[in-house]
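Comments concern the structure below.
Values in this document were obtained by computation on a predicted structure and should not be read as measured data. Just so you know, residue 1 is the first one in the sequence shown, and it goes up from there.
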Amino acid sequence: MTKEIIETRKITSDEAAQCASEAIQIIGSIQPHGFQLVLDADTLEIVQHSSNILEILTAGSSASGYPELIGSHISQWVEFANIESLATLSSKKSVVLEIKESGRVKSSDWGCFAHRADGWISLEFSPSTGSEYNSRVLLSQIDNMVALLKASHDETALFQTLVGQLQEYTQYDRVMMYRFLPDWSGEVVAEAVSEREDIKYKGLRFPAEDIPKQARELYALSPIRLFADIDAKPCPLEPALLPNGQPLNQSLSILRSMSPVHRHYLKNMQVSASLSLSIKKGDALWGMVVCHHNDPKVPTNDVVSQLRISGELFSEIITSYLIPAEKIKRLTYLMNAQSYIEASFNQAKMANISAALFESVLLKIQTITQYHFIGIIYREQSYILEGSSFLRLGDHTIEALKNLFPTPDAIYFQSEKLHQEKGEIPGLNGMVGIAMIRAKVPNDFYVFIGKEEVAKSIQWGGAPQTVNIVIENNERHLEPRSSFALWRQNISGESSPWQEQDRNLLEIIFNAGKDFFSTKHSQMRINQLEQSVYFDSLTGLANREHLRSFIEGLKEQKHITHVSVLFIDLDNFKDVNDFMGHETGDRLLITIAQRLNECVSANDLVARLGGDEFVVVLTHQVLPDPTLAELIADKIIQRIGEPILDNAHTLVITPSMGLISEDVKMLDFNETLKQADIAMYSAKNKGKNRFHIFDHKDQDLFNKKTILTMDLRDCIAENSLDIHFQPQMNAQQHVVGVEVLARWKHEKFGFVSPDVFIEIAEKNNLIYPLGLQIIDKACFQLTKWLKRKPTVDFKTLSLNISPIQLIEPKFEKDLLNLLEKHNIPAEMIRLEITESVFMKNYQTAITALSNLREHGITISLDDFGTGFSSLNSLWKLPIDEVKIDKSFVSSMSKDDSLFTMVESVISLCKKLNLEVVAEGVEHSIEFNILKGLDCNIYQGYLFSKPLPADLFEKTFLDK
């Protein structure tokens, strides 16, 4: 047999089409290290088999004692642990079938993979023994993979870890991970090798022709392919055709022989054995893990099974973690960019249109988008940023940009090769990539973004689309390239490609700019108010000085006899500023101001004192009906509480309101506002989102708070605060944890709510010493229990930590000293923090929590769902447990949306290896629902209220 290479060139489109049409799923033979049986699905009689079966089963001895294969029942050869499972086989996936030792095919020697192939039952048998693999199971590394994902979310490190573990487990000489690009070329993103090889292909691309279309379709269908010895002679299937006259479809076959082209390809790479795992994103092929070995290598049935499951795990990581994380990252960036861009234009509305104004706006936009060119054309004016240079270009530039649109109806144009496709734009010669959008109304408004030339250099493992043309046995045919030498492709005259995110950003700039121009001419009044000392510059409302002048001037108004003053404070507004930014907060304040104006008449006044505090003054010509002011207060609460759509967010803010009515002759500006303010705090203490009418009891409560503040100082000095313990139960209602809760019994006011005295402590710099006292007492009690009963029933002692405590630099040292003092293992301590920890000093909080976890202390995220955290952010946080707030638990049996929320939290936490605690479990129906959702831990009055130490001990530790 002779072979001669007569030409090496690029493959033609006709040759590529012919190659892609080859039916490589019908080879008609298998690899000789295993054997195959094909059964009639109805009779379970053998209709086809590999030619090597008798030789393998008789080990070279006489086969006279064996029955004829064709037509014999499968039970004459194999005894299955559950033969009924043959009827349930799938045509989409091979499964492992358990076989017994008693048949001719013995379980000690063989393992069986089975699937349906166009209605026939395919049984493939691979060796169970004789391999050099150790007993370590690859799946034991799952925890390491997930831990790496949570810790860094670094693709490079994750991929390298995966291939490193695979290479160590399989002992193949080379393990590579490919990621397919949009053109189906393969990029090697990770590589691990044995001691007798060097890193060779990492970072290279391989042409799409290396894995043709029909091969990719098979890899998407069948998750694993192996070739034990590329030089081994294939064993044909006998007979060649099935009873229906068709060849066997070997799409899912693990033993299927390789095509001659694939065999040549591997030999050219000096590979003797190969094993590949498909990695999918949903149903689509995302990439592959390919294992190459320099010598023949026969993996056992168990190894193949484990590696197939590993491929499914990698697919799950790609689909469930990396892809969503990248999407979340892009969406977060777009939301932040949208907020920033719109805020830039909103601020510009306060000034007159000028070149300096647009230079400022475009420079701000550039800081977040990083585009080298940003331009706005309005009427016959152009405002363009090139790098850091601001340009006002003339008619030639504007006309050339407008002419880029191919038709009068087109509203979008983009190009990465502008100079080649349309020519240079006058004055913007360095712009080779452009994305541009225009408005139909007004038809003279355009926005574009542009990029400079990027000299791209791609390293290929061989030239793309290159084949060898050979003459073999007097026949001319294609053979895969024999060279895998580095080939560098240089591309010039192009920008980097435009992505979907670029178009999203362009639309954001376009919409914000269009809104700016369409509303600009109605903003002159705001400019005037900005110059006035009597109006708030942000909202246009009256300011404090205007309010004072208005109230004092009422005494001179003969037709005004009484007023009602409403002091309004927005609930949790600080969280909006901290979590979503001051730009979002400013837009919300403007909306609230507009809504307040809608609720009053022309003779009334709405003022903003500052921050999120507003005052409404209602004027009355006679002694007002008490319900009139209350009706207006209710109207304000309803109007403010309506959802506010802000960019990609829907915000709901509620007001707390204090109300006081006075005769104008008795008005004192400072005293009236003080009393209305006190009434407002009473509304907050009653649960917020309501109004409260001032009376002298409110003054008493205000005084009470002052007394509590002074007495709390004494309480801390005397270390007289009590602590109670509430059990945390598992699904079997056994105690697995205890939460420590502080209690204060005041000698005058009785029991004071923790919400009250914790707030007082935080506002008066008392929380840190108070927190340490609680930890000290809890550890002291735990030590007593451990001495009395060395193995207590619970594993964790949960301690609530204030954000102020956590970011204190000495907290970590003080906490560890207390644990050492009481000889408490750090692993028993769980610190409960709320989402507010991350609102300010985010990085400080992350660092502090991470350091504590290094000592073995675990972290619980308390009251999850009541703040601004989302499911998408859980993987970023250094936590071990999530506590679902009782407001969700108590209502989930009545509200499908809350049930879905709880179900989603539990499901995601399971994937992230986070424990889930359900708070406020008060009824058995809640417990049963949560148990069905596989919640880990339960806490609430269904099991016990918080108890003093002695009663807790008798109830739960003496059992």
Sidechain N-carboxylate O distance under 4.0 Å for D711, K748: no
Side chain D880, main chain I859, donor-acceptor under 3.5 Å: yes
Whether F952 and F725 hold their rings parallel, tilted or perpendicular, with breakpoints at 30° and 60°: tilted
Over 12 foreign heavy atoms within 6.0 Å of CD1, I707: yes
For the student: nearest non-hydrogen atoms of L708 and F749, plus distance: CD2-CD1, 3.7 Å
Shortest non-hydrogen contact between L942 and H923, atoms and distance: CD2-O, 3.8 Å
Worked verdict on D722 versus K745 for salt bridge (Lys or Arg N to Asp or Glu O under 4.0 Å): CA-CA 8 Å; D722 295 325; K745 186 176 182 181; over 6 Å; no
N936 and E881 side chains, donor-acceptor separation under 3.5 Å: no
Donor-acceptor under 3.5 Å (K910 side chain, D934 main chain): yes
Residue pair H692 / S682: nearest heavy atoms and the distance that separates them: CD2-CB, 3.5 Å
Heavy-atom side-chain contact between E812 and H855 under 4.5 Å: yes
Side chains of D569 and S656, donor plus acceptor under 3.5 Å: no
Candidates L782, I857, T858, T796 - the one meeting side chain to side chain contact (heavy atoms under 4.5 Å, CB included) with M828: L782
Side-chain atoms of residues 765-778: list all donor-acceptor pairs with protein atoms under 3.5 Å, sequence neighbours left out, distances to 0.1 Å.
from : atom 1 : to   : atom 2 : distance (Å)
Y768 : OH     : F811 : N      : 3.4
Y768 : OH     : D814 : OD2    : 2.7
Q773 : NE2    : I716 : O      : 2.5
D776 : OD1    : K821 : NZ     : 3.3
D776 : OD1    : H822 : NE2    : 2.6
K777 : NZ     : N719 : O      : 3.1
K777 : NZ     : L721 : O      : 2.3

Short side-chain to backbone donor-acceptor contact, N730 and Q733, under 3.5 Å: yes
Distance flag, aromatic centroids of F943 and F927, threshold under 6.0 Å: yes
Any L831 side-chain heavy atom under 4.5 Å of I829 side chain: yes
Closest non-hydrogen atom pair, A192 against Q167: O-CG, 3.7 Å
Evaluation steps, salt bridge (Lys or Arg N to Asp or Glu O under 4.0 Å), between K574 and D612: CA-CA 9 Å; K574 182 174 178 293; D612 60 328; over 6 Å; no
Heavy-atom pair of closest approach, residues S850 and P878: OG-CB, 3.7 Å
For V652 against G641, the heavy-atom pair lying closest together: CG1-O, 3.7 Å
From S893, S897, S891, residue fulfilling side chain to side chain donor-acceptor pair (under 3.5 Å) relative to D895: S897
Salt bridge (Lys or Arg N to Asp or Glu O under 4.0 Å) between E915 and R830, worked out: CA-CA 12 Å; E915 287 193 330; R830 179 158 292 175; 3.1 Å; yes
E922 atom CD: more than 12 heavy-atom contacts under 6.0 Å: yes
Any donor-acceptor pair under 3.5 Å from Q805 side chain to S802 backbone: yes
Pair K684 + E759: basic N to acidic O under 4.0 Å: no
Spacing of S944 atom OG and H724 atom NE2 [to the nearest 0.5 Å]: 11.0 Å
N/O donor-acceptor pair under 3.5 Å between S907 side chain and E903 backbone: no
Side chain to side chain contact (heavy atoms under 4.5 Å, CB included) partner of L570, the single match among T654, L589, V576: L589
K886 versus Q939, side-chain donor and acceptor atoms under 3.5 Å: no
